[in-house]
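Remarks on the structure that follows.
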Amino acid sequence: SLRSFIDVPVGVMSGGIHQLAAFACVLAAGPHALLLDEPASELDATHSAQIYDCLSQIRDSLSFIIVSSHESRKFDFVNRHITMKDGLIVS
């Protein structure tokens, strides 16, 4: 839980905890849309799943969510999926 890091300076957080803290800050701002580049980078499988579960839960309250990722997993919160290979759109 991020609560245990409330008094920890961001500069000394691990990359994964820093990523979670940044995601939490973005959501706390009450965005209308999200543009995320590798939102689960440096996260373990459990925290990665939490990020994507959260996106699934909030997707209907946002205008749009755009995610760029190298992960090959299925993103169940998307309504459109575009794949690039070697710089070309293949689907």
Side-chain angles (χ1 to χ4, degrees):
S1 163
L2 282 176
R3 289 176 195 199
S4 61
F5 292 92
I6 196 76
D7 293 322
V8 176
V10 173
V12 298
M13 290 179 182
S14 70
I17 296 300
H18 185 266
Q19 188 78 346
L20 287 174
F23 186 71
C25 287
V26 166
L27 294 183
H32 296 285
L34 292 174
L35 174 58
L36 305 169
D37 181 28
E38 302 284 351
S41 67
E42 300 191 46
L43 297 179
D44 60 23
T46 300
H47 289 110
S48 177
Q50 288 177 342
I51 293 278
Y52 293 124
D53 288 345
C54 180
L55 291 174
S56 293
Q57 292 174 18
I58 65 171
R59 74 169 174 208
D60 293 335
S61 65
L62 301 174
S63 298
F64 63 85
I65 300 172
I66 297 174
V67 176
S68 119
S69 178
H70 288 92
E71 293 183 61
S72 59
R73 71 189 297 279
K74 181 180 181 289
F75 296 105
D76 58 359
F77 59 89
V78 302
N79 59 11
R80 184 170 180 204
H81 179 251
I82 298 171
T83 302
M84 289 186 74
K85 183 175 181 178
D86 299 325
L88 300 173
I89 294 176
V90 294
S91 67

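These numbers come from a predicted model, not from an experiment.
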Going by atom type alone, with no hydrogens or angles, which donor-acceptor pairs under 3.5 Å involve a side-chain atom of residues 49-57 and a protein atom two or more places apart or on another chain?
residue	atom	partner	partner atom	Å
Y52	OH	E71	OE2	2.9
S56	OG	Y52	O	3.2
S56	OG	D76	OD1	2.9

Tabulate below the donor-acceptor pairs under 3.5 Å that side-chain atoms of residues 19-30 make, not counting sequence neighbours, or state none.
residue	atom	partner	partner atom	Å
Q19	NE2	E38	O	3.0
Q19	NE2	P39	O	3.0
Q19	NE2	S41	OG	3.4

Applying side-chain contact (heavy atoms from CB on, under 4.5 Å) to D37 and not counting sequence neighbours gives S68

Heavy-atom closest pair (R59 atom, V78 atom, distance to 0.1 Å) is NH1-N, 4.4 Å

Grouping ILVMFWY residues whenever side-chain heavy atoms fall under 4.5 Å, the cluster of I82 otherwise contains M84, I89

task: Answer yes or no: is there a side-chain heavy-atom contact under 4.5 Å between L34 and I66?
output: no

To the nearest 0.5 Å, atom CG of N79 lies from atom CD1 of I65 at 9.5 Å

Less than 4.5 Å apart, any side-chain heavy atom of L35 and any of V67?
-> no

Residues joined to I6 in its hydrophobic cluster, side chain to side chain under 4.5 Å directly or through other members, sorted by chain and number, are none

The side-chain contact (heavy atoms from CB on, under 4.5 Å) partners of V8 (sequence neighbours excluded) come to F5, V12, M13

